[in-house]
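Here, residue 1 is the first one in the sequence, and each next residue gets the next number. Just so you know, ligand 1 is whichever comes first in the structure, and atom 1 is the first atom listed for that ligand. Both backbone and side-chain heavy atoms feed into the values below; hydrogens, waters and symmetry mates do not.
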Amino acid sequence: MGAVKCIGILTSGGDAPGMNAAIRAVTRTAIYNDLRVKGIYRGYKGLITDEIVEFKSQNVSNIIQLGGTILKTARCNEFTTPEGRKIAYETMQRHGIDALVVIGGDGSLTGARIFAQEYNIPCIGLPGTIDNDLYGTDTTIGYDTALNTILDAVDKIRDTATSHDRLFFVEVMGRDAGFLALNGAIASGAEAAIIPEFSTEVDQLEEFIKNGFRKSKNSSIVLVAESELTGGAMHYAERVKNEYPQYDVRVTILGHLQRGGSPTAHDRILASRLGAAAIDAIMEDQRNVMIGIENDEVVYVPFSKAIKNDKPIKRELVNVLRALSI
Ligand code: ADP
């Protein structure tokens, strides 16, 4: 093992259920291996404003079941400047922090990558985002919980959609990725998903009306990924009103409720494994990698790969949804 004695841990960017399970796993695995741990509050902002607390095992008691992040999270513009990162580095030095574990999405891991290169600090990233849009891991921390929240909501919407013979567009999160919309649609028995990945390929509304919205059905639910590329659920509702006025159309935007709630077993186990693996990686002198799990094995993914490569949507899933919605 290298000279690392004290690890700083932070959560950054969008919060995701399971981040607490990851904080707990990093903290306890580090202490188990005789490393010190410091909790950095509000993401990179805490490195600039010096909001740092020594973490003992008890600091992470009773949090595995909690949504959100006990370390809080923030977006920090100052950290995107060399001046801001210099202050962050000086704060780390004052606290004796010699390695960082960053839990967040692609923005946070981009920040970690730049910081690590600039100051030659070992940085390990954990994929924490409900969007599942990081390459090199089968799923990200929070994705499974968000998917289950979507199911719960769509099950309820279906009751009212069926009673009124309505067409519902349900907008879900995902930024520029369609994983939540597509898998949410399959799991909830929705009729279609409109996702950014196919936004330039086909007119997904036309396709849905043509293929999915059969005469045999009197209600229908379409999940729309919130994205500039799709235009969002309102855009499709307007189009239906103009182009297919025979349909009674409604919109539900699920919004931030998708980020909340107690993490599922899948996300707790994923976060625990990734958190433990982050400390293993530091002790193996790995640096500047994101930890992922692929095919049930822990993998180290260079930041450049995790961030830059667009994680592909499986065509098979699109075909499954189409076949099952007849
Ligand atoms: P997420 O991690 O969920 O994708 P953001 O994209 O908002 O969230 O990024 C979170 C934070 O990571 C930003 O507020 C900023 O502090 C840091 N960050 C993002 N991009 C960069 C960058 N290019 N350089 C330095 N820091 C960055």
- Transitively linked via ILVMFWY side-chain contacts under 4.5 Å: Leu180 with Ile157?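 Result: yes, single cluster for both.
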- Query: Applying salt bridge (charged side-chain N to carboxylate O under 4.0 Å, His left out), which residue pairs with at least one partner in residues 98-117 are found, sequence neighbours left out?
  - Reply: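 Every salt bridge (charged side-chain N to carboxylate O under 4.0 Å, His left out) pair that includes a residue of residues 98-117, provided the two are not neighbours, is Asp106-Arg175.
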- Less than 4.5 Å apart, any side-chain heavy atom of Phe55 and any of Ile23?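 With C-beta onward as the side chain, the pair touches.
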- Query: Would you say Asn120 and Arg287 make side-chain contact, with heavy atoms under 4.5 Å?
  - Reply: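 Asn120 vs Arg287: side chains touch.
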- Message: So, using ring pair (Phe, Tyr, Trp, His ring centres under 6.0 Å) as the criterion, who are the partners of Tyr44 when residues are at least two apart?
- Response: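 Phe79.
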- Item | Every residue of the protein that comes under 4.0 Å of ligand 1, judged on heavy atoms |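 Contacts of ligand 1 under 4.0 Å: Ser12, Gly13, Gly14, Tyr44, Arg75, Cys76, Phe79, Thr80, Arg85, Gly105, Asp106, Gly107, Ser108, Thr110, Gly111, Ile114, Arg175.
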Which side-chain N or O atoms in residues 289-302 pair as donor and acceptor under 3.5 Å with protein atoms at least two apart or in another chain?
| unit_1 | atom_1 | unit_2 | atom_2 | d |
| --- | --- | --- | --- | --- |
| Asp296 | OD1 | Arg273 | NH1 | 2.7 |
| Tyr300 | OH | Glu284 | OE1 | 3.0 |

